[in-house]
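From a predicted model like this one, the values you see are computed outputs, not experimental measurements. Lettering follows sequence order; numbering is per chain, from 1.
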Amino acid sequence: MRVRIAPSPTGDPHVGTAYIALMNLVFARQRQGRFVLRIEDTDRSRFVAASEQMIFDALHWLGLDWDEGPDVGGPYGPYRQSERTELYRRKVDELLAAGRAYRCFCTPERLEEMRRAQMAAKLPPRYDRHCRGLRGEEAQARVAAGTPFVVRLAVPESGATTFRDELRGDITFDHHQVDDQVLMKSDGYPTYHLANVVDDHEMQITDVIRAEEWISSTPKHVLLYQAFGWALPRFWHMPLLRNQDRSKISKRKNPVSLVYYRQAGFLPEAMVNYLGLLGGGMPAPSAEAKDAERFAFAEMVEKFQFERISLGGPVFDLEKLRWLNGVYLRRLTPEEFFAAVRGGPLADDYLRAICPLAQERIETLGQFFDLTDFFFRDEVLPPAETWVPKKRDAAAARKMAAQIAERLEAGDWTQEPLDAGLRALAAETDWSAKEVFMLLRAVVTGKTASPPLLESLVVMGRARSLARLRRFLDLTK
RNA sequence: GGCGCCAUCGUCUAGCGGCCUAGGACGUCGCCCUCUCAAGGCGAAGACCGCGGGUUCGAAUCCCGCUGGCGCUACCA
């Protein structure tokens, strides 16, 4: 039995990744299987260099350790897709030779226009197979001429693909509904669909446990397995974590970064416990067992049943997570609690980063926390008079705060880009840079006087800073 | 729009044809404890099991339709 998680290094490690990782790990440990970590870094445009290490750190923090992966190696490496491009190229050639895939020379412009026309005609947007009939020689000629191309899957013109989802039973997709998916991009990198199938096969993955959002692309994957003549893995599609409004969980509506949860002082055991609670899976709590909802990873391995999972997507309830974390905190011994505080809010590297910001601004050490309290507190809410600039109203300030949040989502979290982003925002509006900075300072620190704003933001980190902004927007709604 | 998945208290869930006048947990409210706040104890409100048809002696549980929610519909994963 072999399972895997395949995160993409495109940003902060995601709580959904942790959820799927937990499910995979429990599955593997229950069946003496191996748990593989594979980095799916085939999208160059969204690649974030620091992200991979952050994913490693976050998963290790949660204790969700893998048996094989880019950092620990293993018999099926390399475990980073960008290091396997040669393999994908070979496999694509096989598909091409067998007529199961074809080269497509359509320009992005043509594709876009085609989609527009289809939308206008109220037709489902799908590739019109313009290049599918291209003769071998003609295609060769265009390749020789240096025309950029992608490789698409040749989906059968008729029929249907049925596959078994272990939690839902058979699922059927008519081939008319399946697009001729791009397998290899014009930059020579594979898309998820190709790389994922090739790697799952090469790495001998027996059970694909992933999020529900993949159900509709599974027929493409099945078609690929068949084209290669490979045996199918079992598919387990887990319910999708949701926001309060039931949409797919997103950073706009929830703290979604594992960095945030760590930084905000959640204990990894509580986090894992809470994730294990979502979607069911654990046996029904008996009337006597009052604290049946509290369990450790080992207990999950012992009792979790995948067949029990309820398929309705669970709302990620921060309130309940907080309560559970409180339960865990209270159960620590005094010594453990002390260690937790020292390793969390008072962690050396965090304190060390904060100290220079305070040193020249205080006269006694006693003032240290008066000045820097916002680094350690979550519930910062400035009184209106501090965040509404003179001559403006609360609605306008709120709107600006929302724009700031949006602006800060993207870009590196270092002083220069933060500064540039905020100043650019001011320039685009009738706000002065000073007003923008003051508003953000009030929101983040809760006061009008603080250590330097930008430096403080950098120390506090993106996830926590943005969480604070979103909380502000929430509370002033 | 097309296709697919899903559907029990506000939220997470138990329930897998009779044990259900639907159980537990979070949250909410009240009482107790108490110098405050928590924690803890006790209790309450909260779900006509989305709606409508079947099947059955009997349905939250099985079937069909509807509605609703969500996902996918990219040279992103």
Rounded to the Å, how far apart are [X] [atom1] and [N] [atom2]?
X: Leu324(A); N: rA39(B); atom1: CG; atom2: C1'; value: 15 Å
X: Leu167(A); N: rG4(B); atom1: CG; atom2: C1'; value: 16 Å
X: Met238(A); N: rC6(B); atom1: CE; atom2: P; value: 14 Å
X: Glu213(A); N: rG71(B); atom1: CD; atom2: C1'; value: 8 Å

I'd like to know if [X] pairs up with [Y] as an ion pair, taking the criterion as any Lys NZ or Arg NE/NH1/NH2 lying under 4.0 Å from an Asp or Glu carboxylate oxygen.
X: Asp41(A); Y: Arg80(A); result: no
X: Lys320(A); Y: Glu293(A); result: yes
X: Asp179(A); Y: Lys220(A); result: no
X: Asp199(A); Y: Lys91(A); result: no

With heavy atoms under 4.0 Å as the rule, sort [X] into base, sugar-phosphate or nothing.
X: Arg126(A); value: nothing
X: Pro125(A); value: base
X: Arg46(A); value: base
X: Val150(A); value: base
X: Arg242(A); value: sugar-phosphate
X: Phe173(A); value: sugar-phosphate
X: Ser186(A); value: base
X: Ser45(A); value: nothing

[N] and [M]: how far apart are their [atom1] atoms, nearest whole angstrom?
N: rG1(B); M: rU28(B); atom1: P; result: 39 Å
N: rU61(B); M: rG53(B); atom1: P; result: 14 Å
N: rG15(B); M: rC57(B); atom1: P; result: 27 Å
N: rC20(B); M: rC76(B); atom1: C1'; result: 47 Å
N: rG46(B); M: rG4(B); atom1: P; result: 40 Å
N: rA25(B); M: rC3(B); atom1: P; result: 44 Å
N: rC9(B); M: rC49(B); atom1: P; result: 10 Å
N: rC64(B); M: rU55(B); atom1: C1'; result: 11 Å

Taking a pair as Watson-Crick or G-U wobble with both distances under 3.5 Å, which nucleotide is matched to [N]?
N: rC57(B); result: rG18(B)
N: rC5(B); result: rG69(B)
N: rA44(B); result: rU28(B)

Nearest to the side chain of [X], which nucleotide is it out of [options]?
X: Arg168(A); options: rC6(B), rG71(B), rA77(B); answer: rC6(B)
X: Arg115(A); options: rA77(B), rC75(B), rG69(B); answer: rC75(B)
X: Ile215(A); options: rC26(B), rC5(B), rC70(B); answer: rC5(B)
X: Trp323(A); options: rA25(B), rC70(B), rA14(B); answer: rA25(B)
X: Asp317(A); options: rC76(B), rU11(B), rA14(B); answer: rU11(B)
X: Glu319(A); options: rC26(B), rC5(B), rU11(B); answer: rC26(B)

Is the phosphate of [N] approached by [X] (side-chain N or O, under 4.0 Å from OP1 or OP2)?
X: Arg210(A); N: rC72(B); result: no
X: Arg294(A); N: rA25(B); result: no
X: Arg330(A); N: rG40(B); result: yes
X: Lys248(A); N: rG69(B); result: no
X: Arg152(A); N: rC75(B); result: yes

*Honestly, is Arg31(A) close enough over Phe27(A), meaning NZ or CZ under 6.0 Å from the six-membered ring centre and within 45° of the axis?*
yes
*Given that Pro239(A) and Lys320(A) both sit by RNA chain B, which one's nearest nucleotide is further toward the 5' end?*
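Looking at the nearest nucleotide for each, Pro239(A) comes out on the 5' side.
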_If you assign each of Thr10(A) and Gly279(A) to its closest nucleotide in RNA chain B, which residue comes earlier from the 5' end?_
Gly279(A)
*Could you point out which residue of Ile309(A), Asn24(A), Asp207(A), Val208(A) forms a side chain to side chain contact (heavy atoms under 4.5 Å, CB included) with Trp236(A)?*
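That would be Asp207(A); it is the only one of Ile309(A), Asn24(A), Asp207(A), Val208(A) passing the side chain to side chain contact (heavy atoms under 4.5 Å, CB included) with Trp236(A).
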*Tell whether Gln244(A) reaches the base of rG10(B) with its side chain through a donor-acceptor pair below 3.5 angstrom.*
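Looking at the base of rG10(B), it does not pair with any donor or acceptor on the side chain of Gln244(A) (distance under 3.5 Å).
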*Any donor-acceptor pair under 3.5 Å joining the side chain of Ser247(A) to the base of rC70(B)?*
no
*Positive for ring-ring contact (aromatic ring centres under 6.0 Å, His included) with His221(A), one of Tyr192(A), Phe235(A), Phe228(A)*: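 Among Tyr192(A), Phe235(A), Phe228(A), the one that satisfies the ring-ring contact (aromatic ring centres under 6.0 Å, His included) with His221(A) is Tyr192(A).
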*Ignoring hydrogens and angles, state whether a donor on the side chain of Asp180(A) or Tyr102(A) is under 3.5 Å from an acceptor on the partner side chain.*
yes
